[in-house]
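Here is the naming used below: chain letters follow the sequence lines, and residue numbers restart at 1 for every chain. Everything numeric here is computed off the predicted structure, so don't read it as measured data.
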There are 2 protein chains.
Amino acid sequence: MTRLAILGGGQLGRMLALAAIPMGVEICSLDPTGAAPAGAVSELVVGGLDDVVAVARTAAGASVVTYEWEGVPATSTRHLETHGSVVRPSTRALEVSQDRAVEKTTFTALQIPVAPWAAVDARDGLDSALARIGSPAILKTRRGGYDGKGQAIIDSPDAADAAWTDLGPAGELVLEGMVDFERELSIIAVRSVDGEVRSWPLIENQHRGGILRVSRAPALRVTPELQELADGYASAVLHHFDYVGVLTIELFQVGDALIANEMAPRVHNSGHWTIEGAATSQFENHVRAVLGWPLGRTAAIGASAMINCIGHIPEPIDLLGIEGVHVHAYGKSARPGRKVGHVTVTADSVADLEPRLAAALAALPADDG
Amino acid sequence: MTRLAILGGGQLGRMLALAAIPMGVEICSLDPTGAAPAGAVSELVVGGLDDVVAVARTAAGASVVTYEWEGVPATSTRHLETHGSVVRPSTRALEVSQDRAVEKTTFTALQIPVAPWAAVDARDGLDSALARIGSPAILKTRRGGYDGKGQAIIDSPDAADAAWTDLGPAGELVLEGMVDFERELSIIAVRSVDGEVRSWPLIENQHRGGILRVSRAPALRVTPELQELADGYASAVLHHFDYVGVLTIELFQVGDALIANEMAPRVHNSGHWTIEGAATSQFENHVRAVLGWPLGRTAAIGASAMINCIGHIPEPIDLLGIEGVHVHAYGKSARPGRKVGHVTVTADSVADLEPRLAAALAALPADDG
């Protein structure tokens with residue numbers, strides 16, 4: 001039986017496993033906690049992602065190793081690669097996505113626009129960066145930020161001190177010019193071992209408090225040219241890294257232009273709608289890609305939306321009476337700010353989707369709404 | 001966390017678990033073998049389905065008990081019911097489906113046509129039944145037959161002795177007139193705790209050697225009247241039993257009429273296409289129904305076909321290059337005549353489906369083709 005190792009056992013790993021198992025694949029996951037969401041559907045090794053012994057134990061007997069979190073230490077995947085494991089996507093893609101400065105440099109080298117930015121390593125460097133980029137701007141840690149963590153908005157030069165107090169101790173930072181964007185989009189694409197690339201339709205994302213709240217797919221008002229532009233950016237990154245698997249790029253739309261915010265070398269929260277809303281889900285195609293199998297169709301089925309359930313586990317009985325709704329709960333305990341599930345709303349058309357989405361939002365707890 | 005117990009741990013239980021887990025449901029399965037397909041995705045109690053201690057252990061802590069095989073002894077489900085468990089569908093529906101004679105009587109009482117038939121308990125009873133029904137006819141065991149097992153075709157009265165030698169020792173039998181049908185169809189429907197009924201489009205089934213080989217859905221050349229007729233038959237059975245869950249009725253089409261062959265009080269092999277080919281799969285809707293949750297849409301998405309993989313585990317790498325193909329392997333070892341997986345072929349239209357289906361059939365091993 002084909003065996004796939006996944007570094008990280010969160011909801012992304014759980015959904016990867018749920019896509020892989022039907023295809024006859026055996027999954028072994030590594031997670032620091034025994035209560036990891038992937039544990040319900042895979043063999044679980046409990047250990048640190050930086051613990052090369054635990055990592056090696058997870059990979060033992062697996063034809064391929066993949067990861068569900070970009071925070072996996074590159075030392076772990078490189079250790080596997082040097083000991084003969086096939087790691088997909090490669091350590092190089094993982095490393096680049098872990099460093100905002102290198103990521104932006106890579107985008108620029110591939111002629112993918114990014115917001116004006118500067119590396120900031122000292123207090124006076126922040127001042128000169130602010131003078132060059134202007135405010136408002138966002139100070140971010142180069143490494144380790146997610147869901148709005150590790151970020152501070154600098155509205156005016158006066159706010160620089162507070163931001164520095166907050167993030168300066170973190171060491172390496174970047175200052176990014178705030179993009180006056182119309183909306184946030186994401187492009188999710190997958191590349192096979194043979195170099196074939198397929199992408200899902202552009203997705204429109206609404207964040208709240210730095211956390212993705214609602215995704216709509218296909219995004220409305222997307223011209224063929226805009227989709228092609230996004231596909232081209234995704235392809236450029238995928239081919240650059242000889243990448244195998246699913247990659248996500250978060251984008252800002254400004255008129256006809258797309259500005260890359262960041263990339264994630266993995267399946268992505270904004271692609272959860274693909275489980276019900278696309279011919280092949282991001283999870284199934286990631287598994288197919290990393291195992292060296294041909295890719296599936298990425299076309300959307302009608303119109304879909306996805307609502308993240310943050311801090312409250314969704315109650316199926318309250319939601320499933322809304323036509324077109326599917327409920328996902330990750331088997332996590334609820335904590336404020338924690339993603340514990342999501343709700344997908346599907347319909348044949350956008351006109352049918354909107355009232356269902358409104359009903360689903362209304363049926364979720366107030367803190368979630 | 002909601003906990004669901006499933007009696008039987010075969011591929012149907014595995015696919016029920018794979019539909020339930022994303023909704024945050026915990027599954028406990030009972031199966032006589034430790035290598036049961038459901039074991040990869042659920043807590044598995046290894047024990048006989050007739051072992052009330054094992055059955056009770058499986059049901060412990062579960063809000064609802066369901067089953068994935070109509071061979072589960074009614075003594076087991078009744079034991080649970082008398083000890084306070086909620087069993088869905090009910091023991092009564094299970095019992096009726098286990099006895100061809102009672103099943104046919106029930107169909108007739110609900111004005112659902114069946115082939116001419118007679119109970120046969122003795123050798124001379126077979127002669128008088130043959131005289132009344134004529135030949136060709138099929139002698140079947142009243143209980144326990146599946147996939148063509150426990151059946152003998154009687155082409156002419158001369159063949160009665162051989163059929164009797166074969167099946168007489170089994171005890172209670174029925175003789176059924178052979179229906180000169182145009183095609184075999186199945187209707188799969190689901191009923192909620194509230195009595196709501198939804199049905200999937202009629203499915204066309206092709207058998208070989210008594211085993212389902214290919215299902216196509218929606219079946220072609222189905223008039224709204226024919227679908228309505230099938231829906232009405234399914235509804236009649238569902239309401240009759242105050243049934244909760246998915247029910248399947250196998251049908252023969254003769255002109256504008258539908259003749260009921262048999263019913264299965266469970267998700268069905270001819271409904272596997274619903275995983276990718278319908279808005280909600282039979283597995284998800286069965287789980288939703290038995291847990292008392294609202295039902296999902298049963299509309300087909302484009303055109304689908306399902307090929308059973310019998311005796312040979314499908315190789316994803318050989319099949320997934322065909323557009324619209326999804327591969328399911330049940331984690332079983334291969335044996336001749338054993339269902340070990342299935343392949344679903346999806347397309348936007350029948351015109352696109354047929355060449356893909358032909359390609360998938362050609363890509364499967366010769367014994368399977």
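Contact count versus chain A (heavy atoms, under 4.5 Å) is highest, among B/Glu276, B/His328, B/His326, for B/His326. Ranked by heavy-atom pairs under 4.5 Å with chain B, the list A/Ile21, A/Ile301, A/Val41, A/Thr2 is led by A/Ile21. Residue with the most contacts toward chain A among B/Gly24, B/Pro22, B/Gly331: B/Pro22 (heavy-atom pairs, distance under 4.5 Å).
Residue pairs that meet the salt bridge (Lys or Arg N to Asp or Glu O under 4.0 Å) test with at least one member in residues 307-335 of chain A, sequence neighbours left out, are A/Glu323-B/Arg198.
When atom types are taken as modelled, the side chain of B/Asp194 and the backbone of B/Glu196 share no donor-acceptor pair closer than 3.5 angstrom. A donor-acceptor pair under 3.5 Å is formed between the side chain of B/Arg14 and the backbone N or O of B/Pro37. Panel note: side chain A/Glu68, backbone A/Gly10; a donor-acceptor pair is recorded below 3.5 Å. A donor-acceptor contact shorter than 3.5 Å links the side chain of B/Thr33 to the backbone of B/Ala35. In this structure, B/Asn308 contributes its side chain and B/Ile310 its backbone to no donor-acceptor pair below 3.5 Å.
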Please determine whether side chain to side chain contact (heavy atoms under 4.5 Å, CB included) holds for the pair B/Lys339 and B/Gln11, giving the CA-CA distance in whole Å, both sets of side-chain angles, and the decisive distance to 0.1 Å. CA-CA 9 Å; B/Lys339 293 175 186 169; B/Gln11 62 264 24; 3.9 Å; yes
Using the rule given for side chain to side chain contact (heavy atoms under 4.5 Å, CB included), can you reason through B/Thr66 versus B/Leu4, listing the C-alpha separation, both sets of side-chain angles and the distance that settles it, and then say yes or no? CA-CA 8 Å; B/Thr66 190; B/Leu4 174 65; 4.1 Å; yes
Salt bridge (charged side-chain N to carboxylate O under 4.0 Å, His left out) between B/Arg3 and B/Glu43: does it pass, once the steps are laid out? CA-CA 11 Å; B/Arg3 193 173 163 94; B/Glu43 200 179 308; 3.0 Å; yes
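To the nearest 0.5 Å, the span separating CD1 on A/Ile313 from OG on A/Ser333 amounts to 7.0 Å. Atom OG in B/Ser215 sits 10.5 Å away from atom CD1 in B/Ile307 (nearest 0.5 Å). Rounded to the nearest 0.5 Å, atoms CG (A/Leu357) and CD1 (A/Ile322) are 9.5 Å apart. Distance NE2/B/His272 to OG/B/Ser304: 13.5 Å, rounded to 0.5 Å. Here the straight-line distance linking atom OG of A/Ser270 with atom CG of A/Leu212 works out to 6.5 Å at 0.5 Å rounding. In this structure, B/Ser42 OG and B/Ile6 CD1 are separated by 6.5 Å, a value rounded to the nearest 0.5 Å.
With respect to the salt-bridge test (charged N to carboxylate O, under 4.0 angstrom), the residues B/Glu354 and B/Arg216 qualify.
Contact residues of residues 279-288 of chain A toward chain B are A/Ala279, A/Thr280, A/Glu284, A/Arg288 (heavy-atom distance under 4.5 Å). Using a 4.5 Å heavy-atom cut-off against chain B, the contacting residues of residues 341-350 of chain A are A/Thr346, A/Ala347, A/Asp348. Contacts between residues 289-299 of chain B and chain A, defined by a heavy-atom separation under 4.5 Å, are made by B/Gly292, B/Trp293, B/Pro294, B/Leu295, B/Arg297.
Contact annotation for B/Leu18: both backbone and side-chain heavy atoms come within less than 4.5 Å of a heavy atom of chain A. Contacts of B/Val25 with chain A are absent, with no heavy-atom separation under 4.5 Å from either backbone or side chain. Within the 4.5 angstrom heavy-atom criterion, only side-chain atoms of A/Met1, from C-beta onward, approach chain B.
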